[in-house]
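I have placed the structure first, in the form of structure tokens, so that the comments after it can refer back to it.
Letters A, B, ... mirror the listed sequences (proteins, then strands); counts begin at 1. Values below: all heavy atoms of this structure, side chains included; hydrogens, waters and symmetry mates excluded.
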Amino acid sequence: MPELPEVETVVRTLRPQVQGCRITAVDVLRERSLHPSGLPPETLVGLGIGAVRRRGKLALLELEAPAAACAAAAPDAGQGGPRPSLLAVHLRMTGRFMVHAEGSAPLRHTRIIFHLRRPDGTGAQLFFDDVRAFGLVFIATPELLDGWDFWRSLGPEPLEMRPADLGPRLRGRRAVKALLLDQTVLAGVGNIYADESLFRAGIDPRRPAQSLTAAEAESLCLALQDVLRESIAQCGSSIRDYRDANGDVGAFQNSFFVYGRGGQACRRCGGRLEKHRVAGRGTVICPHCQH
DNA sequence: AGCGGGACCTGTGGGC
DNA sequence: TGCCCACAGGTCCCGC
């Protein structure tokens with residue numbers, strides 16, 4: 001569920017709560033929620049949280065060494081190995097961030113707790129909760145991050161593309177929906193926004209990608225950008241689990257044309273929406289509006 | 001190459 | 001009411 005608009009909303013709501021805080025301790029309640037190639041969690045202690053950004057479906061928390069430690073640290077001296085410079089977090093389906101008061105007990109699905117010290121000296125706890133436990137926190141240096149195939153091969157940001165840029169990326173005979181979901185083609189699109197953008201562009205998700213004309217690819221790119229922007233403006237879509245870092249739900253699920261509406265009436269033509277399986281995913285299509 | 005299917009997880013909802 | 005199973009979703013990995 002957290003796709004580009006939801007991760008963007010998480011980042012925007014998390015930023016004012018954690019930027020400028022210092023990490024004082026980390027409790028890992030589920031080891032497998034850490035990316036195995038990352039640095040150990042102890043290396044986070046003492047670092048400050050700087051910029052909070054998004055790339056594709058990843059939330060990125062930049063880390064800064066405190067000024068005092070900077071001055072004291074000679075290269076390769078004391079204190080052991082490398083320091084992480086960022087946290088890369090993939091929420092997958094049910095990952096979520098919430099800031100709790102100091103001393104709060106873990107929740108049923110809390111996987112990692114970051115103990116924080118705010119600039120004003122008060123304490124807080126950043127919970128990484130994840131019901132399905134597919135989410136991943138990567139404690140990284142730039143070098144470690146670049147060693148992650150998923151990161152290195154991420155495609156362009158859909159909202160930063162020119163409409164004419166999509167067409168050349170839609171090569172081959174795979175279903176066009178499969179390409180929209182492929183993070184090396186575009187970064188950040190998941191099942192919801194693939195289905196919604198294909199409906200808006202009037203394109204059948206099952207069509208081979210290479211069969212799209214340049215004009216169709218361009219209208220698909222514009223439709224995708226529209227749907228992503230509209231969703232961000234409404235703080236994303238909440239299907240069941242998704243919440244932003246304030247615990248609030250999004251509203252864009254009320255604007256869906258097709259996602260989750262199989263068997264219901266098409267909002268555009270009144271016909272019956274069909275449910276199919278495309279690229280291994282549940283896919284809703286209006287046979288009258290999409291060709 | 002690209003597809004399907006299983007694995008990873010847990011909660012929900014439909015059918016009986 | 002209760003049980004079972006399908007399903008949901010993103011990514012990786014395997015085999016065809």
Given B:dC9, C:dC12, C:dG10, identify the nucleotide with an atom nearest to the side chain of A:F150.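 Nearest nucleotide to the side chain: C:dC12.
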
Residue A:E3, side-chain heavy atoms: nucleotide from C:dG10, B:dC9, B:dG11 that is nearest: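 Among the listed nucleotides, the one closest to the side chain of A:E3 is C:dG10.
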
Taking the six-membered ring of A:F257 (Phe, Tyr or Trp), confirm whether the NZ or CZ of A:R268 is under 6.0 Å from its centre and within 45° of its axis.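 Ring-cation test returns yes.
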
Phosphate OP1/OP2 of [N]: any [X] side-chain N/O under 4.0 Å:
X      : N      : value
A:Q183 : C:dT11 : yes
A:H109 : B:dG11 : yes
A:K275 : C:dA8  : yes
A:R277 : B:dG4  : no
A:R92  : B:dC8  : no

When all nucleic acid strands are considered with a 4.0 Å heavy-atom cut-off, which category describes A:R281: base, sugar-phosphate, or nothing?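 It contacts base atoms.
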
Mark this stacking check for A:F134 against B:dC8 as yes or no, applying ring centres under 5.5 Å and ring planes under 30°.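 A stacking contact exists, since A:F134 sits close and nearly parallel to the base ring of B:dC8.
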
In this structure, how many angstroms lie between the [atom2] atom of [N] and the [atom1] atom of [X], rounded?
X      : N      : atom1 : atom2 : answer
A:L154 : C:dC12 : CG    : P     : 10 Å
A:D130 : C:dA8  : CG    : C1'   : 14 Å
A:D149 : C:dC12 : CG    : P     : 8 Å
A:R30  : B:dC8  : CZ    : P     : 11 Å
A:Y259 : C:dG10 : OH    : C1'   : 12 Å
A:I192 : C:dA8  : CD1   : P     : 13 Å
A:L186 : C:dG10 : CG    : P     : 14 Å
A:L179 : C:dT11 : CG    : P     : 14 Å

What residue among A:D195, A:I192, A:T283 forms side-chain contact (heavy atoms from CB on, under 4.5 Å) with A:V258?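 Exactly one pass, corresponding to A:D195.
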
Answer yes or no: is there a side-chain heavy-atom contact under 4.5 Å between A:L228 and A:S231?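 Result no, sub-4.5 Å side-chain heavy-atom pair not found.
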
Aromatic plane relationship, A:F150 with A:W148 - under 30° parallel, 30 to 60° tilted, over 60° perpendicular: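 Rings of A:W148 and A:F150: tilted, 30 to 60°.
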
Indicate yes or no for a side-chain donor-acceptor contact from A:H35 to the backbone of A:R32 under 3.5 Å, with no hydrogens or angles considered.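 Answer holds: no.
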
